[in-house]
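A quick note: this is a predicted structure, and the numbers were derived from the prediction, not measured.
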Amino acid sequence: DPNNPLCPGATRANGEELNPQYEGTFVFPNDFPALQPDAPEPGNSDHPLFQAAAARGVCKVMCFHPWSDLTLPLMSLSEIRAVVDTWAELAAELGASYPWVQIFENKGAMMGCSNPHPHCQVWASSFLPNEARLEDRTQRQYLSQHSVPMLLEYAEQEARRKVGAWLLSVYPPCELDICCGLLPRRHVWRLQDLHEGERDSLASIMQRLLTKYDNLFELHAHYYPPLLRSATVRKFMVGYEMLAQAQRDLTPEQ
């Protein structure tokens, strides 16, 4: 579809860039990034209660597949594996310059996705977001007290008699209703550290899990009061904000 800015050969949303005729995954800088690598410093504050700092970073978009009528669970295992490999490449590339790299997908119009083409976003930032900072602190505390990584200990306790390269755990009820955690059975620091077999297993698990989520949420709805960016534009709390922290698009004065 030449009118779809994520399709191969189409003109992107900025009206300037032309996509290549890609046949697999395709990564490009977000045309409307929330973070910039050269964000200006806000200047010194005259009081310790009023502190501000620049939030610098990079935002990229990654198309999973050239076809717009596919989603991850409908792709073949080899195609999903290619997505996992590209994720790992991006995590390694951006992680060399930024302390936080987050890969997330806002799936469907309900979650604010304006384009059905299968894609995700990758944000790297010069700071650790609130949730990540809390996880880092508590896991460091657990390691210091018990001399074993917390998530590794959790996985071993959950699946002492089970086999396989991964553990899928359904968490107790929380604000996200049905929340799953996916953990490798061995101590892996980063996505790019997964070996070949683990990446194959991850692709297979993702395909099965996402198929189940798709089927489940055909019969499921969430109702929230509208959060607004302005009088006419909705504010979506979605991928980045659900895992990292909320974005303040306006100052209190504005």
Side-chain angles (χ1 to χ4, degrees), residues 1 4-8 10 12-14 17 19-20 22-36 57-95 97-98 100-125 129 131-132 166 168 176 179-182 190-194 198-214 217 236-247:
D1 179 0
N4 181 348
L6 296 184
C7 279
R12 289 219 301 273
N14 61 12
E17 302 291 335
N19 294 334
Y22 66 92
E23 298 179 352
T25 59
F26 170 52
V27 179
F28 61 91
N30 194 313
D31 294 317
F32 307 100
L35 296 166
Q36 297 277 12
V58 171
C59 297
K60 292 181 179 288
V61 176
M62 172 184 163
C63 294
F64 298 149
H65 196 281
W67 293 5
S68 295
D69 57 350
L70 290 182
T71 58
L72 271 177
L74 298 177
M75 292 163 55
S76 69
L77 284 179
S78 62
E79 290 169 337
I80 299 175
R81 168 61 196 270
V83 170
V84 172
D85 288 340
T86 306
W87 282 346
E89 292 170 5
L90 286 169
E93 172 194 338
L94 297 174
S97 302
Y98 295 97
W100 178 247
V101 180
Q102 181 170 327
I103 302 170
F104 62 95
E105 177 186 2
N106 299 327
K107 187 174 181 180
M110 177 185 288
M111 297 304 291
C113 182
S114 59
N115 192 319
H117 195 97
H119 70 285
C120 71
Q121 298 188 57
V122 185
W123 290 16
S125 65
E131 291 295 325
W166 292 85
L168 177 65
L176 300 181
C179 184
C180 290
L182 187 58
R190 296 176 177 85
L191 191 62
Q192 57 266 37
D193 298 333
L194 297 174
E198 290 167 333
R199 295 188 184 195
D200 288 337
S201 297
L202 176 58
S204 176
I205 292 170
M206 285 172 52
Q207 185 183 57
R208 286 179 283 161
L209 175 62
L210 293 174
T211 297
K212 293 180 184 297
Y213 265 122
D214 280 356
F217 282 93
F236 289 94
M237 291 284 285
V238 285
Y240 180 82
E241 295 164 306
M242 293 172 73
L243 178 62
Q245 66 186 54
Q247 293 177 265

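Residue L94 holds its CG atom at 13.5 Å from CH2 of W123, rounded to the nearest 0.5 Å. Atom CD1 in I80 sits 4.5 Å away from atom CD in Q207 (nearest 0.5 Å). How far CG of L74 is from CD of E79: 10.5 Å, rounded to the nearest 0.5 Å. Considering CG of L35 and OG of S125, their distance stands at 6.5 Å, rounded to 0.5 Å.
Although no hydrogens or angles enter the test, the distance criterion places no donor-acceptor pair under 3.5 Å between the side chain of N106 and the main chain of C113. Remark: the backbone N or O of Q192 is paired with a side-chain donor or acceptor of R199 at under 3.5 angstrom. Remark: side-chain polar atoms of H65 are not paired, donor with acceptor, to backbone N or O of H117 under 3.5 angstrom. Within the 3.5 Å criterion, the main-chain N or O of C59 finds no donor-acceptor partner in the side chain of Q121. Between the side chain of N115 and the backbone N or O of N4, no donor-acceptor pair lies under 3.5 Å. Looking only at distances, a side-chain donor or acceptor of N14 sits under 3.5 Å from a matching main-chain atom of E17.
Heavy-atom minimum distance, G57 versus Y98: CA-CE2, 3.6 Å. When every heavy atom of A13 is checked against every heavy atom of P5, the shortest pair comes out as N-CB, 3.5 Å.
The closest side-chain heavy-atom distance from R12 to F28 is below 4.5 Å. Annotation: side chain of R208 is in contact with side chain of I205 (closest heavy-atom distance under 4.5 Å). The closest side-chain heavy-atom distance from E105 to F64 is below 4.5 Å. At a threshold of 4.5 Å between non-hydrogen side-chain atoms, the residues E93 and K60 count as touching. With a 4.5 Å cut-off on side-chain heavy atoms, W87 and M62 count as touching. The shortest side-chain heavy-atom distance between V84 and M206 falls under the 4.5 Å cut-off. With contacts defined as side-chain heavy-atom distances shorter than 4.5 Å, the pair T71/L210 does not qualify. Looking at K107 and L72, their side chains never come closer than 4.5 Å, going by heavy atoms from C-beta outward.
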Is there a side chain to side chain contact (heavy atoms under 4.5 Å, CB included) between L90 and L191? Walk through the geometry before answering.
CA-CA 10 Å; L90 286 169; L191 191 62; over 6 Å; no
Set out, in order, the CA-CA distance, both residues' side-chain angles and the distance that settles side chain to side chain contact (heavy atoms under 4.5 Å, CB included) for C120 and I103, then state yes or no.
CA-CA 7 Å; C120 71; I103 302 170; 4.0 Å; yes
What verdict does the side chain to side chain contact (heavy atoms under 4.5 Å, CB included) test give for S204 and L77, after you've listed the backbone C-alpha separation in whole Å, the side-chain angles of each residue and the deciding distance to 0.1 Å?
CA-CA 6 Å; S204 176; L77 284 179; 4.1 Å; yes
For side chain to side chain contact (heavy atoms under 4.5 Å, CB included), just list the numbers for E89 and V27, CA-CA rounded to whole Å, side-chain angles, deciding distance to a tenth of an Å, and then say yes or no.
CA-CA 11 Å; E89 292 170 5; V27 179; over 6 Å; no
